[in-house]
Protein chains: 2
Amino acid sequence: MTHTPSIKICIIEDDALILKSLQQVLNNAEGYSVTGTFFSAEAALENLKEHHPDVLLLDIDLPGMSGIEAIPKLHKLQPELNIVMLTVHEESEIVFSALRQGAVGYLVKGSNSKFLLQGISEVFDGGAPMSPSIARQVIASFTMSKETSLSDRELEVLQKLSNGTNNKQIAEDLFVSTNTVKAHIKNIYKKLHVHSRAEAVSKAIKKGWI
Amino acid sequence: MTHTPSIKICIIEDDALILKSLQQVLNNAEGYSVTGTFFSAEAALENLKEHHPDVLLLDIDLPGMSGIEAIPKLHKLQPELNIVMLTVHEESEIVFSALRQGAVGYLVKGSNSKFLLQGISEVFDGGAPMSPSIARQVIASFTMSKETSLSDRELEVLQKLSNGTNNKQIAEDLFVSTNTVKAHIKNIYKKLHVHSRAEAVSKAIKKGWI
DNA sequence: TATAATATCACCCAAACGGGTACTATCACA
DNA sequence: TGTGATAGTACCCGTTTGGGTGATATTATA
């Protein structure tokens, strides 16, 4: 019997050899226990809740529903579940979209077992295991681009637009006339090639300007 | 003389003792060389280009312009510069906004020199050094939350709103009357507690719904 | 079975918006 | 010196929007 409660792990992996190997490593290590294994996302979605895992290792390349597609469905089933992707090679675009779907990290299959255990512990402790290059891409995507053709005043107005502020209120906030506000908005529309507040706000947020 | 070119490092740090210590560690290590040091962001902005650093270590708490404010200005000066923040304690909100401004990682002052050198190398090699808890927060912020109280139809309408589509066009796209579209929009407003298209779009995008 | 949520449609009205034109004034840059 | 970008102001006009109230049908869930 273990002294500290083990991290309960489920694994979705269609390759029986890899699954076996993962299972062996995890069950032989102190503090980790595999409570369930599945060969497909479909199977996991049906029975996962019975195994109440802390961490789920999820293969990306699965027959039927892909690992990435499965993420939102698994989260719906068990919202607080920490999903860690398993990949063969570290292809950034795929890993990236997995993270976007809600995975908290990923592990490369075949890396040594120390890495595996460390990664799982990191996830359990609230971390997010990933390689340096993926980490950088994540940071970059979340950074604001700042390359805008808008003037400071226009950005200020745009910010107000995103709060749903109307022209009259913006005018009061900026101590100018509503006509001035309208003029700024018209210029914003010209620069962004849009024709409404909603579209301007959408574009600006997606570009990270506001 | 060194055999491989050293990583050129500049440091902005107002505390002379810490600066000295950093400088010593880096200059004594193989493959790292400090090419410039500054006591303030203002000083760095004037002279940084002469030292063409690969990596810049930037203190967050600086007299005058803060390290975070300095990031965009430094990037304007040298767009490809890798900026790494130096912090005393790891306060997530501050680190977080530094990353948002364009820093690629951070190092905790006083952690052992192995960590420092490793972090700098990681940055130089395209990585992003940060602690597990910050990594998780970054991942989380960039993940779509998907927890929405909106119906599928309402999300569909919201998507159209973000494109700047007007009610008439939305009605045509969805094969319903403009009255129906208006009804959906009213319901969206009620659920999101907003009063305009722009505000609804802003909220939805920031929550990752569209 | 009843109640809530969703989706559909209708009418009204005041307020807000988008687009057009036109006029200053400042500041930087060529 | 003048040309462009930014900021501020003004007026007009037709269209769109937001908010109100009310109604029907379907589906899901308690």
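Because the structure is a prediction, the values reported are computed rather than measured. Below, chains carry the letters A, B, ... as their sequence lines are ordered, and counting in each starts from 1.
The distance from atom CG of B:L192 to atom P of D:dG19 is 13 Å, rounded to the nearest whole Å. Remark: C1' of D:dA5 and CG of A:D152 are 13 Å apart, rounded to the nearest angstrom. As rounded to whole Å, 13 Å separates atom C1' of D:dG18 from atom CD of B:E199. The nearest whole Å value for the distance from the NE2 atom in B:H193 to the C1' atom in D:dG18 is 17 Å. D:dT6 atom P lies 15 Å from atom CD of A:E156, rounded to whole Å. Note: CG (A:L150) to P (D:dA7) measures 10 Å, nearest angstrom.
For the pair A:S121 and A:Y32, the minimum side-chain heavy-atom distance is below 4.5 Å. Using a 4.5 Å heavy-atom threshold, the side chains of B:L58 and B:L74 count as touching. A:I71 places a side-chain heavy atom less than 4.5 Å from the side chain of A:M85.
For A:H184, the side-chain atoms get nearest to D:dA7 when compared with the rest of D:dA7, C:dC9, C:dA7.
For A:S177 and D:dT9, the shortest distance from a side-chain N or O to OP1 or OP2 is below 4.0 Å. The phosphate of C:dA7 has OP1 or OP2 within less than 4.0 Å of a side-chain N or O from B:S151. At the phosphate of D:dG8, OP1 or OP2 sits under 4.0 Å from a side-chain N or O atom of A:R153.
Summarising the local packing, NZ of B:K20 is surrounded by 12 or fewer heavy atoms from other residues, nucleotides or ligands at distances under 6.0 Å. Applying the 6.0 Å contact sphere to NZ of B:K168 captures no more than 12 heavy atoms from other residues, nucleotides or ligands. Within 6.0 Å of NZ in A:K206 there are more than 12 heavy atoms belonging to other residues, nucleotides or ligands.
Applying the side chain to side chain donor-acceptor pair (under 3.5 Å) test to residues at least two apart or on different chains, the pairs with a partner in residues 46-67 of chain B are B:D59-B:K109, B:S66-B:E69.
Between the side chains of B:N187 and B:R153, no donor-acceptor pair is found at a separation under 3.5 Å.
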Protein heavy-atom contacts under 4.0 Å, written 5' to 3' over nucleotides 11-21 of chain C as B (base), S (sugar-phosphate only) or - (none), form the string BB---SSBBBB
Which letters describe nucleotides 23-30 of chain D, given B = protein heavy atom under 4.0 Å from base, S = only from sugar-phosphate, - = neither? --------
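Counting any heavy atom pair closer than 4.0 Å across all strands shown, B:T180 reaches a base atom.
Of the residues listed (A:K160, A:R197, A:H184), the one engaging A:N167 in a side chain to side chain donor-acceptor pair (under 3.5 Å) is A:R197, and it is the only one.
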